[in-house]
S.K.: 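One structure follows; several queries about it will come next.
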Amino acid sequence: MLGAVLSLLSAASFALNITAARRGVVTGTPVQGTALTVPIGVACFLAVAIATGQIAHLNAFPVAAAGWMAAVGLLHFVVGRYCNYRANQAAGVNITAPVVQLQIVVTLALAVIVLHEPCSILQLFGAGVMLAGALVTQYQRPGSRSASGTPAKASMSSRETAFVARYLPGYLFASLAALAYGTSPIMARFALESTGPASGILGGLVAYCAATALVAVAMIWPRLRRDVTAVKRENVRWFAYSGVFVAMAQGFFFSAVAVAPIMLVSPLLQFSLLFRLLFSRLFNPEHEIFGWLVLAGVAASILGSLAVAADTDAVLRFLSLPEWLAAALRWRF
């Protein structure tokens with residue numbers, strides 16, 4: 001139960017993070033977003049570690065776990081986050097989110113290849129449904145009718161009608177983000193398995209410190225330094241919100257995987273897509289593309305991800321399928 005609650009809190013926090021980041025990259029840059037949000041994560045995790053008393057146990061944190069979490073920080077917080085911001089800047093959250101959500105397929109593939117875990121036909125089917133959902137969204141255009149049934153152009157400001165999604169860079173960087181995000185859960189599980197939920201706080205602190213160190217070194221490059229120092233005050237506010245929310249999300253996630261298996265945590269994290277759609281509608285209606293195809297893509301991605309990440313036997317029991325069909329979907333390789 002605790003793992004499920006932590007996973008849902010993580011999903012909602014991730015959605016708030018990307019909604020705020022979307023506002024920041026409208027006039028800001030992905031480099032600015034990455035450079036500003038990563039150090040905020042250090043401050044957030046350090047404050048929580050001090051408040052909970054976990055900072056006193058930092059010396060006892062296993063060296064091997066610290067190494068894995070440092071790698072998680074570099075891959076997830078720097079590479080994955082930058083690619084995610086680039087994707088959102090190019091095509092918006094609603095278009096790229098189903099592609100980024102393919103991270104669960106990456107996690108499944110790594111679980112089979114690295115951990116030698118079995119994969120069922122149902123999980124393969126779910127991966128195909130997720131891919132179809134990601135492809136469906138590319139056919140949604142700003143001129144289409146909105147999900148509420150009103151013409152999209154009539155419900156949008158002149159600023160919104162000027163937004164044209166750049167699909168190629170959007171899908172490219174969303175795919176790279178999915179690769180990074182899909183790999184990090186396996187690494188975090190290696191680091192935090194059987195360590196207890198509180199270890200997620202120290203693990204997150206280590207990961208953010210490693211990511212911040214990399215960002216600091218990158219600032220030696222004059223071009224990157226000029227980019228970051230040119231950030232607008234309005235964008236600083238949105239990136240700050242994003243940094244706090246993503247730190248919360250990662251804290252909930254690390255705590256969840258410390259007390260629950262990946263196969264429980266991962267399915268619940270997929271509801272982040274639903275939260276993203278809701279928060280985008282509430283806070284960023286003029287900076288996103290909405291429509292029935294977006295809704296269909298999100299729904300397909302959620303259903304597919306549940307088939308991929310959830311326990312196959314539990315899903316088949318819930319669906320009460322004929323035995324011959326259940327046996328076929330249960331077949332593993």
S.K.: Tell me, please, which residues at least two apart from Y241 pass ring-ring contact (aromatic ring centres under 6.0 Å, His included).
M.R.: W238

S.K.: Do any side-chain atoms of residues 67-77 form donor-acceptor pairs under 3.5 angstrom with protein atoms, and if so which ones, sequence neighbours left out?
M.R.:
unit_1: H76; atom_1: ND1; unit_2: S184; atom_2: OG; d: 2.6
unit_1: H76; atom_1: NE2; unit_2: Q250; atom_2: NE2; d: 3.0

S.K.: Please list, chain by chain and in numerical order, all residues satisfying side chain to side chain contact (heavy atoms under 4.5 Å, CB included) with A249, sequence neighbours excluded.
M.R.: S10, S13, F14

S.K.: Suppose clustering is done on Ile, Leu, Val, Met, Phe, Trp and Tyr with side-chain heavy atoms closer than 4.5 Å. Which residues sit in the same group as V100?
M.R.: Y181

S.K.: R81: what forms a side-chain hydrogen bond (donor to acceptor under 3.5 Å, both in side chains) with it, not counting sequence neighbours?
M.R.: T37, Y208

S.K.: Sort and list the pairs that fulfil ring-ring contact (aromatic ring centres under 6.0 Å, His included) and have at least one residue in residues 217-236, not counting sequence neighbours.
M.R.: none

S.K.: Could you list the residues that satisfy side chain to side chain contact (heavy atoms under 4.5 Å, CB included) with A300, not counting sequence neighbours?
M.R.: V129

S.K.: Got a sec, which residues hit side chain to side chain contact (heavy atoms under 4.5 Å, CB included) with V105, two or more places apart in sequence or on another chain?
M.R.: L102, A127, M130

S.K.: Taking salt bridge (Lys or Arg N to Asp or Glu O under 4.0 Å) as the test, write out the residues that go with R225, two or more places apart.
M.R.: none

S.K.: The criterion is side chain to side chain contact (heavy atoms under 4.5 Å, CB included); which residues satisfy it with I55, sequence neighbours excluded?
M.R.: L46, A49, I50, L58, L205

S.K.: Tell me, which pairs form a side-chain hydrogen bond (donor to acceptor under 3.5 Å, both in side chains) where one or both residues lie in residues 40-49, sequence neighbours left out?
M.R.: none

S.K.: Taking the hydrophobic residues Ile, Leu, Val, Met, Phe, Trp and Tyr, and joining any pair whose side-chain heavy atoms are under 4.5 Å apart, which ones share a cluster with V231?
M.R.: I18, V25, L36, Y85, V93, V236, F239

S.K.: Assess the side chains of T19 and R23: does a donor N or O sit below 3.5 Å from an acceptor N or O?
M.R.: no

